[in-house]
Amino acid sequence: MKCQHCEKPATFHITELTGPELLELHLCEDHARQYLTPAEAEPSEVSSSLTESLTKQLKIGQTAEELARLDQRVCPVCGISFYEFRNVGRLGCPHDYVCFDAELEPLIVNIHGATRHVGKQPKRQSGDSDWQTELIRLRRELHEAIEDERYERASELRDEIKRIEGLVASGGRPE
Amino acid sequence: MELDRTLNRFTAQCGEWLRGCGPESDIVISSRIRLARNLADFPFVRRCTDHDRAAVEKAIRDRLNNCAELNKLLFLDVAELEAVDRQFLVERQLISRELAESSGARSVGIDPHEQFSVMINEEDHLRIQLMKSGLDLESAWDQVNQIDDVIESQVNYAFHERLGYLTACPTNVGTGMRVSVMLHLPALVITRQIEKVFSSLQKISLAVRGLYGEGSQAMGDFYQISNQITLGRSEEELIRQVGDVVPVLIDYERRAREYLIRESQQDLHDRVSRAYGILCNAQTISSEETMHLLSSVRMGINLGLIPGIEIPTVNQLFIQTQPAHLQKIRGIELGTADRNIERALYLQRHLAKKPSKNSEN
Ligand SMILES: [Zn+2]
Ligand SMILES: [Zn+2]
């Protein structure tokens, strides 16, 4: 498919949801960026509201059904759905960058024009990130167990959390 | 009370960003760098349970207190503060409006010179900010980078090999860094060139905001220029990107001032003198009008049109006449009408010149 405004291939498929009916746009990268950049006369856009407006109004590279399916995807660690992220413009946990990787990439490219960090890195290896992610998941499970008054399970979870916290803190790998 | 002593101490000093010194300080008010960081083993703040949030706040505060380099920080429990005290910290740019207005466990550590502050549980677990008077991004980066190293030795940051520092909002991912320079650009406003300047800044993906950040009006002709992009460029490149454009803006502003002096010196002198006259004589005055008039006076001083007043005095008035500051200085709560009277009195006292010189000529 060709871009609506030029001869280049359309790599961005945007569904505009703000009007009374769905508007499908097929654009090349340059025209997509132009389209997504706020008009000059408007007061300066705030970076965070940029994501908000993008996530609320635009769905990039997806058909309506794909989007509906995508919206229901949930991070197994913190429990946030992609729909919720699109609405509030804030992610739920560090693992979202992994589990929503493919969905976030076009958004990140739109904002930053890049996909790879260059610059400062933490000096020390910050332990095993899988276990840190596991701590997030376990704490959520603990919270749910307490809400459901499953106190035995809650106590098991507390012990497990303490064990992993101890190992992470001592720099060891809980295996 | 410990808290009152801390806050009262701040009212007595002017804060780093309004000291009115440092390179190019006639136009550049301050340089600021902030880093967004998150702990690897907790959800981002919005997704935290109350319990998580309290645990994050305590963990970070304890670790920071452990650092010899950071143990002079004054910690304030923002959740416990009165609304006027929160507003006071926002006016001083020590905390963001978001931190002031959100809920749940959250705090701020402030260094006694107000150069450096660290917010806990704002949008990200940690927001580390360093402010310098005038144009001084390099040393702001040196200092905030060192502080970041110290904190990193105590906590595990959420970091992704490809995406860098992970943040709650994808607009901050990568370096997590926002570099901003606050400029006073009254002549560009008067000559109606400011819009043109801003649209060209936006084309090179720099953001322009008002004095109090996101969504705020450009009160008193103060504008903050900052980077939008945080991923794919190193910290040094991001600093250079903002730093390179500032001298251009300074040059535009100076040329606009020269133009005004050359083409309409009398009008300009009149405008500045009237502003000064109102500020010295008003019996009741709003915050907006004060900011607007102080802006003219500030430019007038820089152009030698108002002798006998120092720039730091005016800088300080910008902040001391803000609503929460007036109330803290006065020591009582005041409604809008009373604040406007108090503000007028405060301005009269602080703008009065030495008897020998006056504004008659
Ligand atoms: Zn095109
Ligand atoms: Zn998650």
Side-chain angles (χ1 to χ4, degrees), chain A residues 37-38 40-52 55 75 77-80 84-85 88-98 101 104 107-108 111-124 126-127 129 131-136 139-140 142-143 146 164-165 168-169, chain B residues 35 38-47 49 51-52 55 123 145 148-149 152-153 155-175 177-178 195 198-199 201-203 205 207-209 213-215 226-238:
Chain A
T37 308
E40 260 179 48
E42 281 175 29
S44 68
E45 275 287 305
V46 176
S47 57
S48 60
S49 73
L50 172 74
T51 332
E52 273 154 24
T55 52
C75 167
V77 174
C78 71
I80 197 174
E84 196 181 337
F85 161 65
V88 300
R90 302 290 181 275
L91 293 161
C93 80
H95 187 68
D96 298 357
Y97 282 99
V98 178
D101 181 36
L104 287 174
L107 185 64
I108 286 175
I111 299 165
H112 302 287
T115 54
R116 187 167 285 277
H117 172 60
V118 285
K120 188 170 181 176
Q121 307 211 351
K123 285 202 176 57
R124 62 177 184 149
S126 59
S129 69
W131 282 103
Q132 285 157 352
T133 305
E134 180 64 3
L135 278 173
I136 300 177
R139 289 198 190 98
R140 181 164 71 98
L142 171 63
H143 180 70
I146 294 169
I164 298 176
E165 277 178 343
V168 168
Chain B
L35 300 174
N38 287 280
L39 304 188
D41 57 351
F42 279 92
F44 294 136
V45 177
R46 260 192 76 97
R47 194 81 196 160
T49 60
H51 187 267
D52 287 339
E123 180 181 304
N145 190 22
D148 183 49
D149 286 345
E152 187 225 304
S153 70
V155 302
N156 289 318
Y157 282 155
F159 186 83
H160 184 283
E161 226 168 283
R162 181 169 51 85
L163 291 170
Y165 294 93
L166 301 181
T167 51
C169 184
T171 49
N172 296 314
V173 76
T175 56
M177 181 163 92
R178 192 78 62 211
E195 302 298 330
F198 291 164
S199 68
L201 288 178
Q202 279 167 16
K203 280 193 194 117
S205 49
V208 183
R209 286 161 216 192
E214 318 212 334
S226 59
N227 61 306
Q228 297 257 36
I229 289 170
T230 57
L231 180 73
R233 296 183 197 178
S234 69
E235 287 81 0
E236 287 78 8
E237 283 174 281
L238 292 173

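Order of the sequence lines fixes the chain letters, A, B, ..., with proteins taken first and strands second; residue numbering starts at 1 for each chain. What you see is a predicted model; the values in this text were computed from it and never measured.
For the atom pair CG of Asp41(B) and OG1 of Thr133(A), the computed distance is 9.0 Å after rounding to the nearest 0.5 Å. Rounding to the nearest 0.5 angstrom, the gap separating the CG atom in Asn227(B) from the CZ atom in Arg233(B) is 9.0 Å.
Note on Ile80(A), Ile108(A), Leu104(A), Val77(A): by heavy-atom pairs under 4.5 Å with chain B, the leading option is Ile80(A). The choice from Arg139(A), Glu165(A), His143(A) that makes the most heavy-atom pairs within less than 4.5 Å of chain B is Arg139(A). Top candidate by heavy-atom pairs under 4.5 Å with chain B, chosen from His95(A), Arg140(A), Glu84(A), is Glu84(A). Of all the listed residues (Ala158(B), Ser226(B), Gly232(B)), the one sharing the greatest number of non-hydrogen pairs under 4.5 Å with chain A is Gly232(B). Of the listed residues Ala114(A), Cys75(A), Gly92(A), Gly79(A), the one with more heavy-atom pairs under 4.5 angstrom with chain B than any other is Gly92(A). The most heavy-atom pairs under 4.5 Å with chain A, out of Ala168(B), Ser153(B), Ala55(B), come from Ala168(B).
Looking at His160(B), the atoms closer than 4.5 Å to chain A (heavy atoms on both sides) all sit in the side chain, from C-beta outward. Contact of Val173(B) with chain A is made through backbone and side chain together, with heavy-atom distances under 4.5 Å. Contact annotation for Phe198(B): neither backbone nor side-chain heavy atoms come within less than 4.5 Å of a heavy atom of chain A. Looking at Asn145(B), the atoms closer than 4.5 Å to chain A (heavy atoms on both sides) sit in the backbone and in the side chain alike. For Val98(A), the part lying under 4.5 angstrom from a heavy atom of chain B is the side chain only. Leu238(B) does not touch chain A: none of its heavy atoms, backbone or side chain, sits under 4.5 Å away. For Thr49(B), the part sitting under 4.5 Å from any heavy atom of chain A is the side chain, from C-beta outward, and nothing else. At a 4.5 Å heavy-atom cutoff, the contact between Thr167(B) and chain A is made by backbone and side-chain atoms alike.
In this view, Arg46(B) satisfies the salt bridge (Lys or Arg N to Asp or Glu O under 4.0 Å) rule with no residue, not counting sequence neighbours. Residues satisfying the salt bridge (Lys or Arg N to Asp or Glu O under 4.0 Å) criterion with Asp149(B), sequence neighbours excluded, are Lys120(A), Lys123(A).
Inter-residue side-chain proximity for Thr230(B) and Arg178(B) is flagged as met; some heavy-atom pair is nearer than 4.5 Å. With contacts defined as side-chain heavy-atom distances shorter than 4.5 Å, the pair Asp148(B)/Glu235(B) does not qualify.
Ile136(A) approaches Ala40(B) most closely through the heavy-atom pair CD1-O, 3.5 Å.
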*With side-chain contact (heavy atoms from CB on, under 4.5 Å) as the test, would you mind laying out the steps for Tyr165(B) and Met177(B) before giving the verdict?*
CA-CA 10 Å; Tyr165(B) 294 93; Met177(B) 181 163 92; over 6 Å; no
*Could you walk me through whether Arg47(B) and Asp96(A) pass the salt bridge (Lys or Arg N to Asp or Glu O under 4.0 Å) check?*
CA-CA 12 Å; Arg47(B) 194 81 196 160; Asp96(A) 298 357; over 6 Å; no
